[in-house]
Each structure stands twice: as structure tokens, then as C-alpha cells.
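Reviewing the structure listed below.
Nothing here was measured: the structure is a model prediction, and the numbers come from that model. Counting starts at 1 for both ligands and their atoms, following the listed order.
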Amino acid sequence: MKSKKLWEGIYWVGAEDWDRRLFDSLIPLPDGTSYNAYLVQGREKTVLIDAVDPGQFDRLREHLQEFPRIDYLIANHLEQDHSGLIPYVLEKYPEARLLLTPSAVDLALSHLHLDDNRIQTVADGETLDLGGRTIRFIHFPWVHWPETMLSYLQEDRILFSCDLFGSHLTSTEFFLREDHLAWEPAKRYFAEIMMPFRKIIQKNLNKVESLELAYIAPSHGPIYSRPQFIIEAYKKWIADQPENLVVIAHVTMHGSTQKLVARLIKALAERNIQVQPFNLPVTDTGKLAMSLVDAATIVVASPTVLTGLHPLAAGAVFLVNALRPKALHAGFIGSYGWKSRALEQLKTMLDSVRFEFLSPVQIKGDPDEAALKLVDNLAEEILQKHRAAGLL
Ligand code: FEO
């Protein structure tokens, strides 16, 4: 199959991965994904921006057959889904030099075992003249590895943004036709990959906003013809202010914890607080992560298993701690049989976040009306906290 000509002298030479359903053996991909690589021709020089996942060797090889010369290979990001075939590209084009940030050198050597004579580092703001076309390198660390950079094609006003602004969405449409189609895949991507780096994106986003932009071309998903759509979405997602939303991550064994959860949902809804409950045995982790982007309060509801959290609840707590969402408060409800250390375990696990802990509701056995009243009290406490934070 031929590469796709996007504009005069600019081609998509990446690969679609229609059937991939899991990334990192962890992240669900309901819409597959794409590994975008772009080839840009100037009058004198040709560059390839990113390679693709090593599993897509045949696709890249096919696409590059049309291009006898590549002078530079730009590695915006060294994670394997974009760098895995860099050794192949360097072998096919022995004259090509690999351009990357100084902090990418060690990763390139250790992950790809490259000859360091082929590597050339670029400074933040440095430009590369292709003849009639100029690429400016913009260091943008931690989106989501330390070495990441963006490449801006100045004359065409196209930003090649690597994982930043990406979405796990496979399509035969290279340009986003309707913005709303990308909202969920892009938010899912942000939630799973970028959320832990929210503060760093806040600090560096002005580097993108200061550019004249006609298009944003990320390394996953479609190209944004209206860059402001995804920039505004990111500004909302990285903002410090959460929404009047409670996420309840819950699991039950014999129904007691479920009764507490049902009462909490009802009590919160009566107080005009939005609730998104996730029944962990059947939860899409991506949906849970997306809700964490906005939530002001996270409640974990777990029975006690061998004195600790249910393993599914522990998994959700681990995810929350890793993603470091902007939530302000955390709560715990659950039933236990004879003894529980689940609450202590929960607090110990949440060592990367600074949530204010709400009054826990831990019930021995099946909850009676007095126990359910404690849940109502928790809902009232959440209401007061959300009011105090100006969320309703
Ligand atoms: Fe798409 Fe961080 O690699």
C-alpha cells in the first residue's frame, strides 16, 4: 500500500493497528490505534518524523519504498511504539542522521543499541533548514517520557506533537472531520498517559499556544484541522479545578458493600452531586481513568479480604495513585467479616497524592439502617466539601 500524501511534499508513512486491544498489556484500546510517522520534503533535505511500532515493520518498509533518500530521522519520543524501527530506517538510509534531545541519547543507546556516530542532539528552539521549509524543535519534557520534544514545521504551521494531544483511534480518515469524534479517544489517552504529568503540561503549554498553528499532527490518531479544539480540551483537563463529581470505585462479595454503595449513590444524587460508579469486576479501566480527570472526590468501596482491600479495589487504588488525578478528597466505605486493615492499607497506598480523607464508613457484616445513616452523613460531608471548594 502506498503512503498517504497529506500536503504537497508531506506524507503519512505510519501504520494503523486496527485490531490492537491492549497497550502496555494494561490499557484497553476499544478503537485500536495508529502509529503515525510523517515524511517531509524540502527542496534540499528530506526528514522522517518518528518511526513506528516494531510489529508494523512491513507497513513502514512498504511506505518507504517510494522514498530513495532520507537525510534526517527525527525522534520526537523514544518509546518503542515510535522508535522500534529506527534501527531499520538508519540501516536503510546510511546517510541519515538521527536527531533527538540530549536526554534522549541514553534512551536511544540503551533501548535501541544504536551507533552513537549516527546521533545528533538538537537544542530547544534550534531549527533545521530543509530548503524552503524549516523545522523548529521544541523541547517538551515529560509528555510522557523525559526526552520528548515536538517538531514544528514553520512555513506550513504544522506541529508534529508526538504523544501529546494523541488519541488511540484508528481511522481511514487522516484528518479529523468532526471534533466530537475525537473527544472520547483523546480524553481516554490523556487520562491514561498524560494525567500524571498535568502540572508539567500546565507549565509548558504556552510553548504550543505561542505558535501559529494550522494543524496538529500527533503520533497517534487523526490530525487536528482545528488545533484549538484539542488545546482547549487539554486546558480543561489539566486545570486544577475539579468538577462537582464523585467517582465510586466499588466491588462487593456478598452484597453488603453494594448496599452501602447504592445508598451513597442515592444520597449524593439527592444533593445534586454527580456520581460515576464503577463496578470494578466489569469496569473498563480507561473509563475509570477518564472520570478521574474531572472528579473532586474519589470513594473506594471494598469488602475486606484476609484483613485487607479486595484485590480489585487495591488495583483501582494503585491506578489512582499512579495517575495522580486532581481530586481533592478521598473516602472509603466497606463491610468486613471479623477484622479489617483495609482503610490503613488504602491510606498507605495513596502515597503520591494529597487527598483530604473523609470520614470512613466501615461496617461489620450486613449494614442496618444505622449504618446506612452513616453513608448519608458521608454524602452530606461531601456536599459541604464541594460547596467549600466552590464546585456547586
Ligand atoms: Fe506512543 Fe509514549 O508512545
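For H82 and H220, the distance between ring centers is under 6.0 angstrom. A ring-centre distance under 6.0 Å is found for F165 and Y234.
When all heavy atoms of L176 and P222 are compared, the closest pair comes out as CD1-CG, 3.7 Å. When all heavy atoms of R69 and E95 are compared, the closest pair comes out as CG-OE2, 3.6 Å.
Geometry note: atom 2 (Fe) of ligand 1 is the vertex, E79 OE1 and H144 NE2 are the arms, and the angle is 80° (rounded to 10 degrees).
Of all N, O or S atoms in H220, the one lying closest to atom 1 (Fe) of ligand 1 is NE2. Atom 1 (Fe) of ligand 1 lies closest to atom OD1 when only the N/O/S atoms of D163 are considered. Here the N, O or S atom of D81 that is nearest to atom 1 (Fe) of ligand 1 is OD2.
Residue contact annotation: C162 places no N/O/S atom under 2.8 Å from atom 1 (Fe) of ligand 1.
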Derivation and outcome, ring-ring contact (aromatic ring centres under 6.0 Å, His included), residues Y215 and F175: CA-CA 9 Å; Y215 299 94; F175 295 90; 5.8 Å; yes

